[in-house]
Amino acid sequence: VSGIIIAALGAICFSTKAIFVKLAYRDTSVDAVSLLALRMLFSLPFFLISAAFTSAKSENVKFSTKQWMAVAATGCLGYYISSLLDFLGLQYVSAGIERLILFIYPTLVLLMSSLIFKMKIKPVQWVAIMVTYSGLVIAFWGEAVVDTSSPDFYTGALLIFLCAITFAMYIVGSGRLIPHVGATKYNSYAMTFACIAVLAHYGFSSSSSLYNLDPLVYVYSFSMAVIGTVIPSFLVAQGIKRIGSDNAAIVGSIGPVSTIIQANLFLNEPVLALQIAGTVMILAGVLIIGKRPSPITATPAKALEKV
Amino acid sequence: MRKQHLMKAVLVVIPLLWSLLTSAQDGKYSIVFLNKKTQSVEISQEELKKIMEGHMANMKRLADEGKLLIAGPFEGGGGIFVMNSASSEEIKQWISADPGVQANRWNIEILPFIPRHGGVCPVNENYKMTMYSFVRFDAIVHKFTAGNYPAIMQQHNAYLKEIIATGNVIAEVIFGEHDGGILILRGDVSEDLITADPAVKQGLIEYQMKKLYIAEGSFCE
């Protein structure tokens, strides 16, 4: 039982990120870029330290120029552009709808890899994609009817959708790179490149200092990094240790529901029947797609033939 | 009001983390990695010979005492021990008499050894040495794999099952449910087999591939 609680707590902590972003926007006048820069500065050390401790690769593989470029490009795409679009979008849409739109990214990964690597999508996967997008449309429609006050609702939704697309691009791109350069090295450099890009963006776009912001901004961005990323990373790992990955994955799917509930508790976002219905459909669709290893993967039998 | 919420969350999480950090190791065996150092101290051939003789003698003693169950070197240096204890403290003590360990020849790692395929079968006097492909997996958490950790682990396990189904796997062992492990295969294995692993692609798992020289039958094959 304790394993279930730990895994659930991990999933709940992960789902606090959007809540903290929304709280920061509500309670302070911070802009998206400053918030992103702070969040990154707070979480980067944790991941660099853990990478230093867990790295197993003894030999140091040298990157080629092409690989350096690819690491920088995918790193900025995943850790900078995608996050920025997310933070920008959250200025206009609710935390609940943000989480729902982001949750469809596995369908985008599937579609992209079928386009690029000419992988065939199975009929059951097509059904799953249709269920997912129908769920999204239903939840979206439910929200759009209620949220007529904000003329920027569609802009926000578009930004979040672009965030999902760029994140899917990151997944597909890094999936080709990571096996060759090693995960630890890839992540350390990708995060560092993205960090430089965010700080450069901040330097160009903002005249204020990162040191003189409203104290609440620091509280929220620190919480985002620690409660929203670092602690749950640890909890989820421990959850798997106790109940196995199969059960932990099932428990982990409470994430979007948890965001909706927290958004209601902390941000007074309404819980809509259509939103719940849409969430269930999206969860079901994504679960079916996640069940099979990604279509980028060759089967072991095929790989063995090459020996 | 909001600060209270935050404090409550912190008060719940800290003792929880503490209890997790101090949780016990599982299984009954451990694997010791004697990793070749990238920059080891230069020593004379004579001294090296003496160390290796002492190393072999200590291994034989540990094997006779039922503490060392499997041992084998990697091609290119370093090697592994599979030992009959789940306590890393106990194992540290067992191997402390090894002159190679004393001379700081290797980077030592002690991890749980939990076989999911194959087993631990110490061989008798008349054994035949053989060469297997040895793959080590290490789980590495970063921002994007952290949230999907269980799902990616699930895909990794499914992929390993597919590899085992090909009949080429001697042993599949984990260091723990949430962690990496090792895969030992017959013959030469293409790196493509491992880079096609969904968990390797998504960067949750980092791998190392080596050749292991070991007594045939050690993993109950």
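The sequence lines fix the lettering, A, B, ..., with proteins before strands; numbering per chain opens at 1. Side chains included, hydrogens not; waters and symmetry mates left out as well; all remaining heavy atoms used.
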If you measure from [atom1] on [X] to [atom2] on [Y], what distance do you get to the nearest 0.5 Å?
X	Y	atom1	atom2	answer
A:Ile171	B:Lys201	CD1	NZ	12.0 Å
B:Tyr149	A:Phe14	OH	CZ	11.0 Å
B:Met153	A:Lys241	CE	NZ	12.5 Å
B:Gln154	A:Asp246	CD	CG	4.5 Å

Around atom [atom1] of [X], are there more than 12 heavy atoms from other residues, nucleotides or ligands closer than 6.0 Å?
X	atom1	value
A:Phe222	CZ	no
B:Met56	CE	no
A:Tyr25	OH	yes
B:Glu90	CD	yes

If I compare all heavy atoms of [X] with all of [Y], which pair ends up nearest, and what's the gap?
X	Y	answer
A:Ser245	B:Pro150	CB-O, 3.5 Å
A:Ile178	B:Gly203	CG2-CA, 3.5 Å
B:Glu206	A:Lys185	OE2-N, 4.3 Å

Residue part contacting chain B, namely of A:Tyr79, when any heavy atom lies under 4.5 Å: both

Structural part of A:Ser83 lying under 4.5 Å from a heavy atom of chain B: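 Only the side chain of A:Ser83 comes within 4.5 Å of chain B.
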
Heavy-atom proximity to chain A below 4.5 Å, by part of B:Asn107: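 For B:Asn107, there is no contact with chain A at all, as no heavy atom is under 4.5 Å.
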
Which portion of B:Asp179 sits near chain A, non-hydrogen atoms under 4.5 angstrom: neither

Residue among A:Gly78, A:Pro232, A:Ala7, A:Ala11 with most heavy-atom pairs under 4.5 Å to chain B: A:Gly78

